[in-house]
There are 2 protein chains.
Amino acid sequence: MVFGNKGERSGTGVAFTRDPSTGEVGLYGEFLADAQGEDVVAGIRTPEPVEAMQKQLPEAFEQLVETMRRLEEHYRDMQDIEFTVEDDRLYLLQTRSAKRTAAAALKAAVTMVEESLISREDAVARIDPGQLDQLLHPMIDPSAEYEVAAHGLNASPGAASGKVVLDADTAEERGSAGESVILVRWETTPDDIHGLLQAAGILTAHGGMTSHAAVVARGMGKPCVAGCDELTIDLDKRTITVGGREVRENEVLTIDGGNGSVIVGEVALVPPRINEDFKTILEWADAIRRLRVRANADTPEDAAKAREFGAEGIGLCRTEHMFMAEDRLPVVREMIMASGEDERRAALDKLLPHQQSDFEGIFEAMAGLPVTIRLLDPPLHEFLPPLEEATDDRMRARIRALQESNPMLGTRGCRLGLLWPEIYEMQVRAIIRAAAAVEERTGEAPLVEIMHPLVGFAEELHRLRAITVATAADETEHVEYLVGTMIELPRACIRADEIAVYADFFSFGTNDLTQTALGFSRDDAEGKFLTRYLEDGVLERNPFEILDVSGVGDLMRIAVERGRETKPELKLGICGEHGGEPSSVAFCHELGLDYVSCSPYRVPLARLAAAQAALVEQGAAYAATGG
Amino acid sequence: MVFGNKGERSGTGVAFTRDPSTGEVGLYGEFLADAQGEDVVAGIRTPEPVEAMQKQLPEAFEQLVETMRRLEEHYRDMQDIEFTVEDDRLYLLQTRSAKRTAAAALKAAVTMVEESLISREDAVARIDPGQLDQLLHPMIDPSAEYEVAAHGLNASPGAASGKVVLDADTAEERGSAGESVILVRWETTPDDIHGLLQAAGILTAHGGMTSHAAVVARGMGKPCVAGCDELTIDLDKRTITVGGREVRENEVLTIDGGNGSVIVGEVALVPPRINEDFKTILEWADAIRRLRVRANADTPEDAAKAREFGAEGIGLCRTEHMFMAEDRLPVVREMIMASGEDERRAALDKLLPHQQSDFEGIFEAMAGLPVTIRLLDPPLHEFLPPLEEATDDRMRARIRALQESNPMLGTRGCRLGLLWPEIYEMQVRAIIRAAAAVEERTGEAPLVEIMHPLVGFAEELHRLRAITVATAADETEHVEYLVGTMIELPRACIRADEIAVYADFFSFGTNDLTQTALGFSRDDAEGKFLTRYLEDGVLERNPFEILDVSGVGDLMRIAVERGRETKPELKLGICGEHGGEPSSVAFCHELGLDYVSCSPYRVPLARLAAAQAALVEQGAAYAATGG
């Protein structure tokens, strides 16, 4: 068929059965009278809204509306239709499922259920969880125009605009006064934490996806661009250069932590939105999924945010950020510098009330839901200043003594608790006291899970469990709690049978398990050889973002089998960043884990992904029964 | 029975059926006339040699000699007998297998076979391979008296006495002039390699069991005490202090790398000896064992030494030490500093003839036996000087760019070959040219095995194999060779099935596999948390010395099963330091490996341990058939 007739009773256009940007039902599209398809493509004339066709070609328009209805009913999905009209007769050129925004996808799915066009299961199955991420952080207005000055690592999603500040004190002062500031640093350290807390966003020149800035920002759900090579900082002149452009302190910068871009000047942002459609879909998802979804949260604020997003508990509460808070760090350093156990215990005694009040806040925010607290994990040198900032010879000597060639594989995790049991004792005491206090105050007992990190040998957990139980019993017999371990070393997977003897639960720490199983230090891989591997196609996916199912996943499978062989009722979860990544969530479902835990902002994605995994399984079961 | 009579016809003593220090047949022991057992113990009178009894108590003496003969025949082992005589009558108080030196154990075993008292298998089975280690290195004369001034890590076995020198240039100059010198350094770097080569022993204040000094020294079979905390060095005053004692340059120091002791002054040493008895036992062992034994050797000299100790090939020839030699390091640095591939290739072209002549020397020394060459493994920053010694800004920038948080898990191993294929191409070219030249010259084709380190994904080896094959084919079609990989990452064990598709052989690198599976950086563990774990009994054995059979070993088992599932004829070996440790060798036998590879000095131990493992298996099989 040739559409050669450009006569009066002809035209061509594109129509959507629903609005592709909002999902609203209606007629959306474009129409060009007296034209062929190529005229639209060539853009020589501006098309009119498709409604204009009603007056010009009423008969063909009626055919179009009827056809659209039938097509959507047939395909049970929003359609994007190309058509042409010749002598009042409608010809369809193409129809396909329409590309749409996340918001539109949600709206369309919900209304199609209301229209009985699709089932709730269909609605849940067809939302792309990855696409939803854009709804969960402030983002740059899609209609804004701007020029990207430089790129760094997309260390923590979301966008932020604010005035450049070059030190944490200023960031804290002006941020807490309500100004929007971007903290720009060569790299950040625990000393900067008060500034990070008050900044709208963080930009660093140095460090990878697990650098201090990146980890803290992700924990806070705060935008961060890290390791930006094209950034230089001149602290004397109080200026920075970004991709060659000079920017003075107090001038405005915009960063997008979702893609790593840095923009000079202000750019319009749009806020995150969990609208009614999103809520509806998530409620349907909750009815379908088997996996429970928890959040990684270290503060009462994060815990509240997580709950708002539907988290069913905390799967990972890291205690090191509490140690890094500005008012505690001097005491933590006292503890590290202590010349003996007595001095160390004296410093720990000062930390105890702080820890207790941290835990009380978190237990209250998570009332009725389980909270897994991980005891201190990072190597102690992370709490000391860099060597050149040491205040005296004694500190210099201590910093040198604690230096490590490969800190990732050094004196950290439960090794700390075995070398200096008084540290873990203080933490257990704080947890138990907090639980007792909250129960006393609210009448409801918190569901406490105490987690020991980096266990590789059953004997480690055997001893740590004994310390935990003895310390708790010394406080009170009335608080119930579980004792478990992270599974984040290949050896722990292999000997999960032995470790399970002393564990009430396992939580897979897939960040570190990926690092050790693959021999990839994330800090040294991303931006370096791993980037080349992905560019050259040696690897298809970044194993730190999407779980390496055939390698790390197989180690997890071995751990699940062997752990449950010893203890069939063993509770199993995952608290690495993969816990919020849809395909990894699907794998956790297949593996039979009890829950996934991810950052608060990813909880909705994980709820949806878990439901989709359950639907896939049901589909497979249905197919297997010949249905 | 009470031995109360201290009359004339009484006495007491101890007798050995053979000399416990040499194993010579004869009558050895002590006798005290007119005495009870307690008199000997109390030491109030000096006993006489046991022969003295013949005159004093001829009848009892005859009884003793006859009883000793019968006891040794009955127990089929050298006896240590306590006796007493009352009224001319001999009473035995105790008999047991005699404690003896390694030399005596060998002599006794060989002569008992000659006397048809035991079988060759019995002889092989009863030698403790661990004890033999003392025969394979110079050691401090057991009769010497001395005071240990300080302790460090027993980084490389053997003892050495020599004059203290504080820099590598002096060590080279005076060492090559025939003086015995001990190189004392804070730590060593590749820049010191010429000094290490000429020193009799190495002592460092800093660094662990895998520090540069420790690794190089073990490779050279040279005594080294590393990480000696009680050592300080004053380069201005040209003095050191050891455990508080000041020692000037040129004064004599003795170190024992077998136990980590440092002694001020000279101590008498005894040389290593593989005597006839040792050779005989090893020949019998060779006839029994199934595992082949290779050596880790990087130079023709090491290869020759390995062959002398009975190595049946080289299981690990590291190429990085060739890169570190003094005349090559400047060219290696040119290569690292190159601004592009062309410049890099130009530097590599200069290295190629050096590499080729290295390989020719090794192939000739190992004529008729397989040689496994591992392509470049360490991160490139190991070849650059420390930041403060950089000569210009460009080098400083390069050193900074190559810095890593966890070098153990960074850009090293086959990642180098994938990022800069020209490096591995040069090495393959050098190997193939060397093999062709040696075959041309000697008429015998070397058995070449090219090994890619740190593979974790099949796709890595897929590409590296292609590069290897293409480069070799570009040189000649006439040289035969195998292409294989180290298995030293947990992921490589788990996905051995996929990796085996591209591998002719696997060689387990159990040093790195232990580091990654356990999350133990050896440098950061030994002397720190691992030492505490061993002291406190969290671990019973150092997993870097004795293979962690239930963890690392189980990963190896998975790799063997999955690798051979893909390729039943896959050749399997081990080249970690465990390859020379007796119980680990036994595990490798059980696992069905084809060979173990260890340092040249441990080859005799491995031969014996392999035979003992075969005997245990035969014993088990015999027992299973109801024998």
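Proteins come first, then strands; the chains are lettered A, B, ... in the order of their sequence lines, and each starts at number 1.
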- Item | Stepwise side-chain contact (heavy atoms from CB on, under 4.5 Å) test for B:Leu518 and A:Thr516 | CA-CA 8 Å; B:Leu518 274 54; A:Thr516 46; over 6 Å; no

Using a cut-off of under 4.5 Å for heavy-atom pairs, which of [options] has the most such pairs with chain A?
options	value
B:Gly410, B:Cys493, B:Gly207, B:Ala525	B:Gly410
B:Leu454, B:Asp512, B:Leu530, B:Leu489	B:Leu489
B:Gln515, B:Glu459, B:Arg532	B:Arg532

- Message: At a 4.5 Å cut-off on heavy atoms, which part of A:Leu539 comes close to chain B: side chain, backbone, both, or neither?
- Response: side chain

- Message: Report which part of A:Leu513 has an atom under 4.5 Å of a heavy atom belonging to chain B: side chain, backbone, both, or neither.
- Response: neither

- Task: Flag the one option from A:Gly413, A:Ser405, A:Gly456 with the top tally of heavy-atom pairs under 4.5 Å to chain B.
- Result: A:Ser405

- Task: For A:Glu540, look at atom CD and say whether over 12 heavy atoms of other residues, nucleotides or ligands are found less than 6.0 Å away.
- Result: no

- Would the number of heavy atoms belonging to other residues, nucleotides or ligands and lying under 6.0 Å from CD of A:Glu535 be above 12? yes

- Task: Assess whether side-chain contact (heavy atoms from CB on, under 4.5 Å) is satisfied between A:Ile558 and B:Ile494, documenting all intermediate values.
- Result: CA-CA 10 Å; A:Ile558 290 171; B:Ile494 292 292; 3.8 Å; yes

- Query: How would you list, in number order, the residues of residues 544-553 of chain A that have a heavy atom less than 4.5 Å from chain B?
  - Reply: A:Asp548, A:Ser550, A:Gly551

- Message: Before you tell me yes or no, could you show the steps for A:Val538 and B:Arg463 under side-chain contact (heavy atoms from CB on, under 4.5 Å), namely the whole-Å CA-CA distance, both residues' side-chain angles and the distance that decides it to 0.1 Å?
- Response: CA-CA 8 Å; A:Val538 177; B:Arg463 293 180 183 214; 3.6 Å; yes

- Query: So, A:Asp554 and B:Arg562, do they make that salt bridge, N to O below 4.0 Å?
  - Reply: yes

- Task: Indicate yes or no: at least one non-hydrogen side-chain atom of A:Arg491 is less than 4.5 angstrom from one of B:Leu555.
- Result: no

- Atom of A:Lys528, atom of B:Thr411 and distance for their closest heavy-atom approach: CB-OG1, 4.4 Å

- Query: Which atom names give the shortest non-hydrogen contact between B:Pro490 and A:Pro490, and what distance separates them?
  - Reply: CG-CG, 3.5 Å

- CG/B:Asp523 to CD/A:Gln403 distance, rounded to the nearest 0.5 angstrom? 13.0 Å

- Task: Select one option (side chain, backbone, both, neither) describing which atoms of B:Phe457 are under 4.5 Å from chain A's heavy atoms.
- Result: side chain

- Is chain A contacted by the side chain of B:Arg400, its backbone, both, or neither, given a heavy-atom distance below 4.5 Å? neither

- Can A:Glu460 and B:Tyr533 be counted as having a side-chain donor-acceptor contact under 3.5 angstrom? yes

- Is there a donor-acceptor pair closer than 3.5 Å between any side-chain N or O of B:Asn406 and the backbone N or O of A:Met408? yes

- Item | B:Arg412 vs A:Phe529, side-chain contact (heavy atoms from CB on, under 4.5 Å): CA-CA, chis, key distance, verdict | CA-CA 9 Å; B:Arg412 50 166 293 231; A:Phe529 73 87; over 6 Å; no

